[in-house]
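To start, the structure itself, in structure tokens.
Note that the structure is predicted; figures quoted are calculated from it, not measured.
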Amino acid sequence: MSISLTIEPVVLFSYPSAKDFTNILKTLSEIVDEVLLKVSEKGVNVKALDPSRVAMISVTLPAESFQDFKVEKELSIGLAVGNLAKILKQLKKGDKITMCANEENVEILVEGTSVRRYKFRNIEVVEEEIPELSPQYDVEASVLSSPFRTALSELASITNTIGFTATQDALTLLDFDTKRSTYKLTTASGNVISLNVKKENVLTPYDSEYLARIEDILRLSNILDVKFGSEAPLYLAAEFSGGKAEYYLAAKI
């Protein structure tokens, strides 16, 4: 890269869309205060479990999803992600973000009409033991992101609990508490691309606040995978620019 750095990097990677990368950081900040980015030759990975152990998010960005990607050795980057998301505001379409780090420091460059530079300590973040999940789902679907996000957003503004249910031709989200507001995504309308209902009459409630927290990262994908069950957490997955975000949310008791 043509711009000089103030640190000697062990890892360096440039993401083509600074705005998209910040949306990832913002979503992580809604789950936890600090994250640990694990950087290897394969790419960048992060897992975060919220303090109440209700929600977990995993983001994987393979090396090929970056414009530049250089790794001298594997490195863990500890970030106060909440503060970082606040700093990286008002980014424009076309801005490029570069992150480089060593064991002591992290440097971030945002290149657009001008160049902004930020420098932080590589903080120590305790890596929490996060179990591997292999739930058995009653419903598995692929849906268009935009109508699904609209349903989530509008329901989250009026209810504390969003219910998920499905028939053979429709995925339905509803105000679980009153049943007065319902959003139905159907295969006939094209909003549902595929739908596999293994068990009918399943209605599972999830906390609307936790669902609202991931709206930014869901914007990065046109198609979402949605899975849920009577004895399984909600699973939402979004693929974007070669990367993937997976979100698990326990049912509301």
Exercise: identify the closest heavy-atom pair between [X] and [Y]:
X	Y	value
Leu185	Pro147	CD2-CB, 4.0 Å
Cys100	Ile7	O-CD1, 3.8 Å
Val32	Asp50	CG1-CA, 4.1 Å
Asn105	Arg121	OD1-NH1, 3.4 Å
Ala232	Pro135	CB-CB, 3.9 Å
Ala55	Tyr210	CB-CD2, 3.8 Å

All salt bridge (charged side-chain N to carboxylate O under 4.0 Å, His left out) counterparts of Asp225, not counting sequence neighbours: none
Test item: [X] side-chain N/O and [Y] main-chain N/O as donor-acceptor pair under 3.5 Å:
X	Y	answer
Ser221	Leu224	no
Glu107	Thr6	yes
Ser29	Gly82	no
Ser157	Glu154	yes
Thr178	Arg180	yes
Asn122	Val106	no

With a 4.5 Å cut-off on side-chain heavy atoms, are [Y] and [X] touching?
X	Y	result
Lys70	Val11	no
Met56	Glu246	no
Asp177	Thr159	yes
Val226	Leu234	yes
Ser181	Ile158	yes
Leu61	Phe21	yes
Leu236	Phe148	yes
Tyr235	Tyr137	yes

Pair Asp216 + Lys26: basic N to acidic O under 4.0 Å: yes
Presence of salt bridge, Glu111 and Arg117, under 4.0 angstrom: no
To the closest 0.5 Å, what do you measure between [atom1] ([X]) and [atom2] ([Y])?
X	Y	atom1	atom2	answer
Leu211	Ser153	CG	OG	11.5 Å
Ser76	Ile123	OG	CD1	12.0 Å
Ser146	Leu218	OG	CG	11.5 Å
Thr182	Asp175	OG1	CG	8.0 Å
Leu37	Leu28	CG	CG	8.0 Å
Tyr183	Ile162	OH	CD1	10.0 Å

Worked verdict on Ile97 versus Leu88 for side chain to side chain contact (heavy atoms under 4.5 Å, CB included): CA-CA 10 Å; Ile97 189 167; Leu88 297 175; 4.0 Å; yes
Side chain to side chain contact (heavy atoms under 4.5 Å, CB included) evaluation trace for Val192 with Thr186: CA-CA 5 Å; Val192 176; Thr186 66; 5.6 Å; no
Should [X] and [Y] be counted in the same cluster of Ile, Leu, Val, Met, Phe, Trp and Tyr side chains packed under 4.5 Å apart?
X	Y	answer
Leu109	Val81	no
Phe120	Leu91	yes
Leu12	Phe69	no
Ile87	Val110	yes
Leu144	Phe228	no

Side chains of [X] and [Y], donor plus acceptor under 3.5 Å:
X	Y	answer
Lys184	Thr172	no
Thr60	Asn45	yes
Ser230	Asp138	yes

Take atom [atom1] of [X] as the centre, draw a 6.0 Å sphere, and report whether it contains more than 12 heavy atoms from other residues, nucleotides or ligands.
X	atom1	answer
Glu124	CD	no
Asp33	CG	no
Glu200	CD	yes
Lys73	NZ	no
Glu41	CD	no
Glu103	CD	yes
Lys38	NZ	no

Side chain to side chain contact (heavy atoms under 4.5 Å, CB included) evaluation trace for Ile77 with Met99: CA-CA 10 Å; Ile77 303 175; Met99 181 178 292; 4.3 Å; yes
Members sharing Leu203's hydrophobic cluster (side chains within less than 4.5 Å): Leu174, Phe176
Steps toward side chain to side chain contact (heavy atoms under 4.5 Å, CB included) verdict (Glu231, Gln136): CA-CA 8 Å; Glu231 297 182 3; Gln136 298 298 312; over 6 Å; no
side-chain hydrogen bond (donor to acceptor under 3.5 Å, both in side chains) against Ser145, all qualifying residues, sequence neighbours excluded: Arg149
Ring centers of Tyr206, Phe164 separated by less than 6.0 Å: yes
